[in-house]
Amino acid sequence: MPEVYTAFENEDFFSSGYELQAMNTRGIYSPSSGSQETASVSSSMSVLSSLHDNELTDITVIGDPYITILEQPTEKFRFRYKSEMVGTHGSLVGSNRKNVPTVQLHNFLDPAVIRCTLVTSDEGLSRIPHAHKLIRRDGGQDYDDPHYITVSAETGYTAIFQGMAIIHTAKRHIRDELIKKMRLEALEKKKNTNIKAILNSREEAQIKVDADHYQKHMNLNSVALCFQAFVTNHCGVMIPITEPVYSQTINNLKSALTGELKICRMDKLTSSVEGGEEIFILVEKVGKKNIRIKFFELNEDGCEIWSAYGRFSELDVHHQYAIVFRTPPYKDQNITLPKNVFIQLERPSDGDCSDARKFTYKPSDRIIDIKCLGRKRQRISYSGSSELSNILPNTNSIGNENISELLNNSNSHELSKEIKKILSEGTTTPVCKDFLSDIDVDNYLKLLLNSEENMLGTDGPSIVQYQDDVMFAKNILTEIMQCMKMDAKNMEEYIQKLLKDRSTYGDSPLHSALRYGQHNIVKYLLMLLCTNKDCKTLINSQNSSGKTPLHYAVLQNQPEITKALLMLGADPNRTDDHGFSPLHVAVKISDAGACVDVLLSEKGINIEAYNDAGWTALHLATKAGSYDAVCSLVHAGANVNNTDMSYGRTALHIAVEGGHKKIVEYLLKKTNISVNKRNFSGNTALHTAVVHTGTRAKELCALLIQHGADPYIQNHNRESNDVNKKKESHVNVKVEVHSEDENIEGAIGQSSFDLAMNKPDILQVFNGQSEKTTNKMCLVTTKLELKHEDLETNWLNNEHKEKLSILLDKTQGWQKLAKQLNIEYLLQTFQHNSISPSLGLLNYIDVEAILSLMDMQTVLREIGEEEAADYINEISSICS
DNA sequence: GTCTGCTTCCC
DNA sequence: CGGGAAGCAGA
């Protein structure tokens, strides 16, 4: 193992203790020590010309020496504060968790030293020493960086850096630490050419200025190791023989910006393929502006074949530890078996992800119908002769006109008529035989049984199960007919028993026939039930998820059956296990308007009923974007200002949230909905519109504003940031202008205006409105005037911003600017800004008060945006 | 007073 | 040695 040398704690290591005597027995590196053999010239080697002006006459190399990293340091590591460095903590390990960071020197045949220091991680930008410390612990003692390891042929020119740790320099010491390190660096550079060199006062001053700047912008949660090889010349000066190489970035495991993303807990792990289901997820610390929830699917080879993101806004991130979001729809709405996918957290700023968790998409209730059964069957069966669909009536593929005929043009439209007839005739005889005497039981049975033969031959247990389910209603019906034919003694009792039989999921024959879209069987079952003494009970029976046949009738979008069921006494208000009434179910289905109307025409229906989540039918219809259902509900008298019990939202909030412009428009124009109603978080629909992530944010805001939405209403979100500071002054202004505003209430929250601060296109909507209407908006102008008054504190005005953004859009300089300011995670946000990405960025910088104008100018020069910098120079000189 | 982020402390 | 949390200070 190579010997490790560590520099003196003495910060003057280079400046004074340098040309020193062999230091000590502990092995502190001592360049002039006799033990450091340089030289041994080999004639075939070329003199290293790149070793500058220094007199390294006896050093030889083959080609240019360089360093490779054999073992990268781990990507994540806990940076500890000095006060934490008692006892032992883990040291920096290699990226494979076993080894430690290791590098190798190439193209060099003499002994050399390899130095390891800590530098900034910003790739692409110039690396500077990092304010944190890289300590090495050895024998109970800690040594500060830099660390040196001698390498030679014996060690294969490899240097193994063991026992290192990163010490988080406290904020208040960052500047001092930086100055110290930058001085050393500058001095070392000077000493390469002149051993006696010291820093002049101009250089010292420059270092202080630089340190001031870096102190503000240095990323304290990411560092990198810097390795560089040196030899010592006869004066004892260390001469670099390679370019520095940098390790991959090491991120602070304890920070929210770089810490590990983790899903701690979720309230459920399944969703319908249709998506839109609400999920609560507990997570390790995240930033609300910097987190996404990704759903994805892998094929057998582990390749990603689908992905989508959970839907939520900033307002849905609870503190930094929980998110309430909605599932995205799965790509295939027609799956018949549960689909396993994955869910994970994703941090846009660095692309980092949490571990993936399994997540399951369930087939939609609506999808289980004949068509997909047939398809499924085809795919798995090799018999070719078996067409599952053949067994069912009303499918003309079998060539059994008999059945069709027999089932009497079984257009379901006829159904309610027939039932009406039966009911009006007052058939109360509880004898099914009467009813069935009309049809040719023999013939029907024969056909049923024939088709059943085709069902034999199965491909797997799940399919057997499935077939049994599918066949359930038909089998029961067959049995009932056989029973009636035999005219047995206990017939009636037996039929009663059969009708109450249950299949998988607790389905009665009626549930089952409805679930699988067997509308003719449904019809005959209903006919049977008409005459049954337990009709009402049977009609209202609930399966294991609490659903009644009526639920399935609307799920299958069968208005006639729905009507028939209601006529037979189905209870329209009976709810399933989640508190969904048939109306709740129906309004969520976009094309089931007819069922909604049938239900709404029912006298006893409660249209304001809440489901277990606290939503009314109007909320659900709105959420689902079912425009027709919303209209029907409103016509039927639904209270548009009713709020949901989970968030206190009106239908307007929900419509805006879902981006359903047509519904928003309808609610605003055709109903007396209260546009400024606040939900439990204090947000109005306008707040929701502003944070809307879709492309419709602007349109929605405009609509709301047109209908009297007030952008100054504040929510309950107290944020102690610069936005708030600005707000206070703005509140003051507001009080002066029209102090009797009923919305102030002393609330300190965010107004829609605040939320729109980095969305210039929406601000434009607000401002545009202000010019046209009401005294309300004179605030805006007042506010802008304030900005003119004091450019120093209020930054650029709108006109200046626009000009500047034109310059930065042209050169794409805004991207560099964002990177320089460590807000590259917002690049996408600005990129999608419809007006100008640069304008978005400038507004953001303004609102967040990131930079003074002077700093802005400096930064622009740093990234080579001279023209923009000149422009700022120009306007600031005019103003002063 | 209240929230958040930083620092220190503890097991 | 990783995890948690108390305590403190600034916004």
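A note on names: the letters A, B, ... follow the listed sequences, proteins ahead of strands, and every chain is numbered from 1.
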I want to check one thing: is the phosphate of B:dT8, taken as OP1 and OP2, less than 4.0 Å away from some side-chain N or O of A:Tyr81?
no
Between A:Phe227 and A:Phe161, is the ring centroid distance below 6.0 Å?
yes
Just the rounded figure in Å: distance from P of B:dC6 to NE2 of A:His132.
11 Å
Measure the distance from NZ on A:Lys82 to P on B:dT8 and round it to the nearest whole Å.
11 Å
Separation of B:dT8 P from A:Phe79 CZ (nearest whole Å):
16 Å
Between A:Glu84 and A:Ser91, the residue closer to the 5' end of DNA chain C by nearest nucleotide is A:Ser91
Spacing between A:His173 atom NE2 and B:dC6 atom P, to the nearest angstrom:
16 Å
In whole angstrom, give the distance that lies between atom NZ of A:Lys171 and atom P of B:dT4.
16 Å
NZ of A:Lys76 versus P of C:dG2: gap in Å, rounded?
14 Å
Write down the distance between CZ (A:Arg80) and P (C:dG4), rounded to a whole number of angstrom.
13 Å
A:Asn252 has an atom CG; how far is it from atom P of B:dG5, in whole Å?
14 Å
Single hit among A:Tyr309, A:Phe342, A:Phe359 for ring-ring contact (aromatic ring centres under 6.0 Å, His included) with A:Phe295:
A:Phe359
For A:Asn251 and A:Ser222, which I'm curious about, is there any donor-acceptor pair between the side chains at under 3.5 Å?
yes
Apply the side-chain contact (heavy atoms from CB on, under 4.5 Å) test between A:His132 and each candidate in A:Thr120, A:Asn252, A:Ile166; give the one that qualifies.
A:Ile166
